[in-house]
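Since the structure is predicted, the reported quantities are computational estimates derived from the model, not experimental observations. All residue numbers in this chain count up from 1 along the given sequence.
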Amino acid sequence: MDEDKKPTAFSGLLGQQRAKALLSRSLGSGRIAHAYLFRGADGVGKKLYAAAMAKALNCSNRGPVASCGHCLSCKKFLSGNHPDYMVESPEKGTIKIESVRRLCKSLSYPPYESQRRVVVVEDVHTMRQEAANSLLKTLEEPPAENILILTAEASKTVLATISSRCQLVPFYPLRFEETVRLLTTVHGLDSEESHLLARLAEGSPGKALLLQENDMMTTWKKVVAVLSDLQYKDDRYCTVILQLAQQMAELKENIPSMLGLLRIWLRDRLMQASGDASESKDPGALDALFARLEAVDRAERQLGRNCNRALVCENLLFRLQ
């Protein structure tokens with residue numbers, strides 16, 4: 001079998017070729033670091049790769065690299081009930097020292113049933129100094145049969161004393177095609193929605209899914225439908241616009257993403273209008289679309305100045321129409 005086509009613990013995961021190569025090499029050689037630092041943007045697969053690594057490490061019938069998926073250990077991983085796989089997540093945005101102390105104490109005991117216990121500490125950049133110092137002691141003298149996988153957001157600072165004691169595994173944004181494929185084949189989104197969210201999420205499927213879970217896409221489709229329908233006018237139109245503006249305002253922290261979707265929609269129309277203008281069909285459409293794009297930019301600046309969300313959305317939608 002071609003070396004590049006051999007199954008690995010990460011074969012079912014899209015993207016992250018460098019992370020796949022580094023981790024597969026560690027599994028294949030048996031030289032497993034006592035601690036890894038998975039660092040990259042939010043939503044690009046760090047947690048999925050950590051779980052796949054843990055599953056492979058404790059598989060009873062693992063080949064050189066890939067887990068079997070059928071042994072008792074693999075079945076427990078798939079059901080989310082493996083006793084030797086621990087995940088420590090931030091509480092209210094921070095990993096507290098009490099959680100780190102409790103975690104370090106649990107590592108002093110041997111694994112329940114596996115050769116290794118795998119512990120994932122998510123978002124270590126949220127640790128305060130005292131919590132990081134407590135974890136540092138464990139990283140300096142790691143208990144036997146324990147492997148730590150730390151994750152961190154790429155743009156955040158991780159203490160050098162922590163990162164220097166871990167093997168760094170970098171994670172990068174996925175390619176546009178990979179993001180679309182994941183959203184459509186794995187998460188069942190339709191093609192149009194997948195393409196829009198992939199353009200907005202900038203290589204982060206996790207971000208795309210978060211945006212899809214709220215009412216943003218539903219509201220966006222309503223807004224586009226109204227703005228594209230010339231039948232809306234007079235009092236009926238005003239009522240609909242005010243209702244849509246209220247729905248937009250209720251998106252709160254997701255309003256900038258909503259504006260991003262509107263910007264994508266307008267740019268697509270601008271590209272189409274540019275072709276039409278070159279054929280002398282409707283040159284004035286370009287000026288109108290540029291004005292709409294400027295209205296979106298103006299709304300974004302107003303939100304940045306903490307202007308009233310509802311008023312900003314109302315003003316934007318009337319200008320777009």
Side-chain angles (χ1 to χ4, degrees), residues 41-43 93 176 179-180 183-184 187-277 282-321:
D42 282 341
F176 175 79
T179 305
V180 171
L183 294 176
T184 53
H187 297 281
L189 276 63
D190 63 54
S191 179
E192 180 187 15
E193 194 168 358
S194 296
H195 278 78
L196 279 170
L197 288 172
R199 291 170 71 180
L200 188 64
E202 299 177 330
S204 172
K207 178 181 177 181
L209 291 171
L210 284 176
L211 295 173
Q212 192 269 341
E213 287 174 1
N214 58 43
D215 294 330
M216 189 190 68
M217 291 301 298
T218 301
T219 302
W220 176 79
K221 290 177 180 179
K222 291 179 181 178
V223 169
V224 169
V226 170
L227 296 179
S228 303
D229 191 343
L230 298 179
Q231 300 300 315
Y232 283 104
K233 51 189 174 181
D234 301 328
D235 293 341
R236 178 189 173 200
Y237 169 74
C238 289
T239 301
V240 172
I241 285 294
L242 291 173
Q243 290 173 344
L244 286 176
Q246 182 59 37
Q247 292 178 31
M248 280 184 62
E250 290 172 356
L251 293 174
K252 297 181 180 179
E253 68 273 8
N254 289 312
I255 296 178
S257 296
M258 175 72 175
L259 297 182
L261 284 176
L262 287 173
R263 191 177 283 111
I264 289 172
W265 174 65
L266 290 170
R267 285 174 178 168
D268 288 346
R269 296 191 65 178
L270 181 61
M271 293 292 291
Q272 181 180 4
S274 297
D276 291 342
D282 186 10
L286 291 175
D287 292 336
L289 287 168
F290 276 121
R292 284 174 149 188
L293 282 168
E294 173 56 30
V296 174
D297 293 340
R298 186 184 302 113
E300 194 167 53
R301 291 194 297 269
Q302 290 170 340
L303 291 171
R305 296 195 297 268
N306 293 320
C307 295
N308 182 279
R309 290 195 302 266
L311 291 177
V312 171
C313 293
E314 289 174 13
N315 184 54
L316 172 62
L317 293 185
F318 279 117
R319 286 179 177 275
L320 291 181
Q321 184 65 18

Looking at every non-hydrogen atom in both residues, tell me the closest pair between [X] and [Y] and how far apart they are.
X	Y	answer
L183	A198	CD1-N, 4.3 Å
R292	W265	NH1-CH2, 4.2 Å
L197	M217	CD2-SD, 3.7 Å
A295	L320	CB-CD2, 4.4 Å
I264	L200	CD1-N, 4.1 Å
T184	S191	CG2-CA, 4.3 Å

With L244, the side-chain contact (heavy atoms from CB on, under 4.5 Å) member among L317, L227, T239
L317
Count the heavy atoms belonging to other residues, nucleotides or ligands that lie under 6.0 Å from CZ of F290, then report whether that count exceeds 12.
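Count not over threshold, so no.
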State, yes or no, whether a side-chain contact exists between E314 and I241 at a heavy-atom distance under 4.5 Å.
no
With the side chain counted from C-beta on, respond yes when E300 and V296 share a heavy-atom pair under 4.5 Å apart, and no when they do not.
no
[atom1]-[atom2] distance between [X] and [Y], expressed to the nearest 0.5 angstrom:
X	Y	atom1	atom2	value
L210	S204	CG	OG	8.0 Å
Q302	N308	CD	CG	10.5 Å
R263	M258	CZ	CE	12.5 Å
R319	E294	CZ	CD	9.0 Å
R298	L316	CZ	CG	9.5 Å
E193	T218	CD	OG1	7.5 Å

Do any N or O atoms from the side chain of T219 and from the backbone of M248 form a donor-acceptor pair under 3.5 angstrom?
no
Do any N or O atoms from the side chain of N254 and from the backbone of S257 form a donor-acceptor pair under 3.5 angstrom?
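Not a single qualifying donor-acceptor pair exists.
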Sorted by chain and residue number, the side chain to side chain contact (heavy atoms under 4.5 Å, CB included) partners of Q246 (sequence neighbours excluded) come out as E250, A310
Steps toward side-chain contact (heavy atoms from CB on, under 4.5 Å) verdict (L259, L303)
CA-CA 11 Å; L259 297 182; L303 291 171; 3.8 Å; yes
Yes or no on side-chain contact (heavy atoms from CB on, under 4.5 Å) for L261 and V223, after CA distance, side-chain angles and deciding distance?
CA-CA 11 Å; L261 284 176; V223 169; over 6 Å; no
Between E253 and R309, does any NZ, NE, NH1 or NH2 come within less than 4.0 Å of an OD or OE carboxylate oxygen?
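No.
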Would R267 and L293 count as a side-chain contact (heavy atoms from CB on, under 4.5 Å) if you check the C-alpha gap in whole Å, the side-chain angles of each, and the deciding distance to 0.1 Å?
CA-CA 8 Å; R267 285 174 178 168; L293 282 168; 4.1 Å; yes
